[in-house]
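I have placed the structure first, in the form of structure tokens, so that the comments after it can refer back to it.
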Amino acid sequence: MKISKFLLILFFIFSANIQKSFSDDDKMIKGLEIFNEIAGCAGCHILKAAGSEGNVGPNLDTVSLTEDSVKEMVTYGLGVMPAYGEENILTKEQIDIVSFYVANTAGK
Amino acid sequence: MKKRRQKLNLNRRNFLSGTATLAGLAATASVVPINISNANHKDGSKGLPDFISWKDRNALIVHSDKGIETHRSAIGESLITPNRNVYIRNNMPTMSDKQIGDRNNWKVSIQGVKNPKTFTLAQLKKMGHTTMATILQCSGNGRGFFEHKVRGSQWKTGAAACVLWTGVPLMKVVDACGGIDGSAVFMTSAGVDHEPTGLDPKKAMVERSVPKKVYKDAMLAWEMNGVPLPNAHGGPLRMVTPGYFGINNVKHLGKVAFTTKESSVKYMKSSYRISPIGKKGSQYPSCWEMPVKSWITRPTDETGTVKAGKVQIVGVAMGGTRKVRSVKVSVDGGKSWKRARFVGPDLGKYAWRQFVLETTLTSGTYNIASLASNGSDKQPELRMENRRGYAHNGWKDHSVNITVV
């Protein structure tokens, strides 16, 4: 009885996790799509990995970034860069994914 | 984790030739309806972007291809900062020769005057002539010392330069238009460097209003340190607003207007506002007058250890919109101060002065600081905390630690 209850809880935790988090590979695919198409980051930034040639903001291959610093920038924007989070242009999940993508491709 | 390099719907050829708009690319994101018209941004052989490949890589700290800082020790010890060492801070991409076209035919329109007119650069050159030294300093110079997480380039001391401009006094131009019309309160200058991007001018145009009085000392400059104003610094024509932060010295100048209201573009309304951490809005002061400030340029931790004995402590000091009156130097972290001596020519209140304190140091570690005064204000010890890390002039953060052996 106790064990089956434990397993049941375990099952719920496990399935919730599957639903919530993408695998890293999925995040890279989805991140590229957000970068190039959904958010249009490509229009303003060079990122070799994404094949983008935008020249309004800094070339993302030339800056040092962390996933957190990208997240900050995408959430709050700066200058002409839109505040994707504050202005609800992207969802929090999309911001997490595109930040993961940029942090793992910039300069590589 | 596998890296993905495939491109999604990206028509690279159209992109590069400048015929593609981002409408297709960002169809779902009408946020960025822009077209790409220049590609002057690739890394050159020296690790500098193409548009400034002529600069001295060794003098510069590259934060990004659009944010490039002068080393503390490379700001120039002959008063003027050489062009090849001057920092780069771009809100919009530098315009290319092709976009600029015939430089003498560059146009600027003057509005809010009795007889609004448009002048070409060739016409401006006939209207008046002057040379003036001013300090160009990014509002965020010193941001790198703030401890809360501030977005933006982490400048320490090197987003600043002392520059000789040549051009026409704005007064002459205003006079040629019959004087200022009506009850203007602001002088509003706008660049045209956003135009090639196709971005919404409300968000992308660098249009800056400053108090009207600034026009009396302002000039329209076409030469910088003896050469035609480089595109990277706003050529062929730039507004110079002496004593005011860099952003107000609008590059690629297309319009000067005397207005009753501040510009409503983003770069005026919400960017460049000095607000408390956690707050923002246009009710807070804009980055206008620069405060009194100084910093040491030699010796520094960049220049390595210093030999015991006689040492020249050298630096620059600025008064903001007033003449800098004095500088004191401390070698013990601010416990005691000695007055430094100004050296070199005085190029007017808008230029910085160089200072030197000759002293003798025995082996050990030292914290060296400088403290400038313009007669009515002096540098505070601590920075004024603010959300975006602007206008830092606290002496403590700007001090240097050196080791004498």
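Computation of the quantities below employed the complete heavy-atom set of this structure, encompassing side-chain atoms and omitting hydrogens, waters and symmetry-equivalent molecules. Reminder, nothing fancy here: chain letters follow the sequence lines and each chain counts from 1. Small disclaimer: the values here were computed from a predicted structure and weren't measured.
Counting only distance, with no hydrogens or angles, the side chain of E302(B) and the backbone of R72(B) share a donor-acceptor pair below 3.5 Å. Between the side chain of E262(B) and the backbone N or O of S209(B) there is no donor-acceptor pair closer than 3.5 Å. A side-chain donor-acceptor contact under 3.5 Å links N36(A) to the backbone of A50(A). At distances below 3.5 Å, not a single donor-acceptor pair connects side-chain atoms of R84(B) with backbone N or O atoms of R57(B).
Within residues 264-282 of chain B, the residues having any heavy atom closer than 4.5 Å to a heavy atom of chain A are K266(B), Y267(B), S271(B), K280(B), listed by residue number. Using a 4.5 Å heavy-atom cut-off against chain B, the contacting residues of residues 63-73 of chain A are V63(A), E72(A), M73(A).
Taking the six-membered ring where tryptophan is involved, the planes of Y101(A) and F35(A) are tilted, since the angle between them lies from 30° to 60°.
Residues N90(B) and K251(B) have side chains that bring a donor and an acceptor to within less than 3.5 angstrom of each other.
Atom CD1 of I97(A) and atom NZ of K92(A) lie 10.5 Å apart (nearest 0.5 Å). Between the SG atom of C287(B) and the CG atom of N386(B) there is a distance of 8.0 Å, given to the nearest 0.5 Å. If you take CD1 on I68(B) and NZ on K55(B), they are separated by 8.0 Å, rounding to the nearest 0.5 Å.
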